[in-house]
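Worksheet for the structure shown next.
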Amino acid sequence: MPRTEPIKAARGVRDILPAAIPLWRQAEQEAAAVAKRFGYEEIATPVIEQVELVERVGEQTDTVAKELYRLDKRGSQNLALRPEATAGVVRAYFEGGLNQGPQPSRLYLIGPMFRHDKPQKGRYRQFFQFNVEAIGGASPGFDAEVIELALSWLNDVGLQDLRLELNSIGDGKCRPAYLERLKDYYRPLKSHLHADSQLRLERNPLRLLDSKVPQEQPFKADAPKITEHLCDECAAHWADVRRLLDAAGIAYQLNPYLVRGLDYYTRTVFEFYPGGASGQQDALASGGRYDGLAAAEGWPSTPGVGFAGGVDRVVELMAASGQEVIAKPAADVVVIPDGELSIEAAEVARICRAVRSVAVDYETRSLRAKMKWANKLGAKWVVLLTPDVAKRRAAQLREMTSGEQTELDWVELPTRLA
RNA sequence: GUGGCUAUAGCUCAGCAGGCAGAGCACCAGAUUGUGGAUCUGGGUGUCGCGGGUUCAAAUCCCGCUAGCCACCCCA
């Protein structure tokens, strides 16, 4: 056999090993629990969607333009792995007739998303999101609700030191006029801008605001702020959202430079960061209102608001803060055949599985080694089979913490282990 | 996509003025006339990330690739 490189995981993806699963489960279970507490129901949508669904909602964003996993054409359909969940959930809302039910539809989803980014800590090509969407509701109450829900989740998994940033980016009525003001402001400065920013100026001027290029920072201070140029409806909505958050006792920082990578967002946008970080790639959850999304997908215009939480990042913070979930032993009972007793050991295991999780040590090694293995596994009991005792359909039952050991018939095992 | 740092045992890492591959933990075996945890003894389990180059000689120097981390870009 020629030696070859072993095949490793694809770049930017990772395994969640058994030892890490309890923490993941906790993050997911808290997510599901808090969503249900707020009256949200779970939905699962496909990981593959038609490319058009993804493109229609954000053609000039990086997520779609550069980071999309496109699949080979199958038949007549161009497919892609979903880079985010909201577009698919909104599609399912209409296709599944949820728009015919009580409004809004309160939905949550936990699942993998895919982006062909350059991998880094906290940034993976397959990553997991906890998504919450309230579709069919225009009231600012829903904006505040999803923010409170996101905060509750982060608190419930033990993250207390958080920063919530908040902004409003207007809607189709007032944003175009604002964007013209913004362009008018930046055009004379164009030669001072970074090459990327010069492109943004005409194509996606809102993005100029969250530019981190050092030489552009001074310009931002004097740039027109969108919250000062909202139409009456957007301004009222914006005021209501802040009022509701104030009443809920939720602290937030107004960030006039907070914008969104995806185009369908309107009005409220927000992001949660861990408190200590100055943070570039450490947003824990972010979301906002997307009243323009349904129409962009070709469905009847329908308002909606939601957020996406980064499960990977939350789990990493949980682990970093020293949180550990005590792993349960893989098996409560270990059956150790001493000698050629595989058939008998399997039968005894079968009997014990009626009441306990059971593992069998089939390896041909010393009894001592088998006992060590059982101990390391964390087994509470060991059922020891030796040829002469097994012949009588009996076994030694050893209680590991006390070391007490008694002989008894196989049929008695379930009662003793229960 | 851009730039920087890194890659040695299962894990954390040392070794790098070029000269036989190391430590701790983990693992395996024994002390234990076959019954775990504690202790002691013994064992290195390795294509030094991959591929080239320089050299009598490369883990060590040079180049390329791959992967990870960090900063950008962007985002969860």
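A, B, ... follow the sequence lines: proteins, then strands. Residue 1 opens every chain. All of these numbers come straight from a predicted model, not from anything done at the bench.
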In whole angstrom, give the distance that lies between atom CG of A/D312 and atom P of B/C69.
-> 12 Å

Cation-pi check, A/R242 to A/Y252: give yes when NZ or CZ is under 6.0 Å from the six-membered ring centre and within 45° of the ring axis, no otherwise.
-> no

Could you check how far CZ of A/R123 sits from C1' of B/A67, rounded to whole Å?
-> 16 Å

Rounded to the Å, how far apart are A/F307 CZ and B/A76 C1'?
-> 11 Å

Members of residues 376-392 of chain A that approach RNA chain B, where some heavy atom sits under 4.0 Å away | A/K376, A/L384

Nearest-Å distance for atom pair CG/P, residues A/D332 and B/G36 = 22 Å

Pair assignment for RNA chain B - dot-bracket with | for other-strand partners, Watson-Crick or G-U under 3.5 Å | (((((((..((((.....[..))))((((((.......))))).)...(((((..]....))))))))))))....

Once you round it to whole Å, what is the distance between C1' of B/G34 and NZ of A/K372?
-> 14 Å

Between C1' of B/C70 and CG of A/D282, the distance in whole Å = 13 Å

The nucleotide from B/G36, B/A76, B/C73 with an atom nearest the side chain of A/R115 is B/A76

Centroid distance under 5.5 Å and plane angle under 30°, A/W373 vs B/G36 = no

Using only side-chain N and O atoms of A/Q396, determine if any of them is under 4.0 Å from OP1 or OP2 of B/U35.
-> no

Output yes when a side-chain donor or acceptor of A/R125 lies under 3.5 Å from a complementary backbone atom of A/D117, and no otherwise.
-> yes

Between A/S286 and B/A76, is there a side-chain N or O to OP1/OP2 distance below 4.0 Å?
-> yes

On a plain distance test, is the side chain of A/K370 in donor-acceptor contact with the base of B/U35 below 3.5 Å?
-> no

Length of the CD-C1' vector between A/E84 and B/A76, whole Å = 11 Å

Please confirm whether any donor atom in the side chain of A/R368 sits under 3.5 Å from an acceptor in the base of B/U35, or the reverse.
-> no

Kindly say if A/R11 contacts the phosphate of B/G68, meaning a side-chain N or O under 4.0 Å from OP1 or OP2.
-> yes

Work out which heavy atom in A/N99 is nearest to a heavy atom in A/F94; give both atom names and the distance.
-> ND2-CD2, 3.5 Å

Rounded to whole angstrom units, what separation is found between the CD atom of A/Q405 and the C1' atom of B/G34?
-> 13 Å

Expressed as a whole number of Å, how far does the P atom of B/C65 sit from that of B/A59?
-> 22 Å

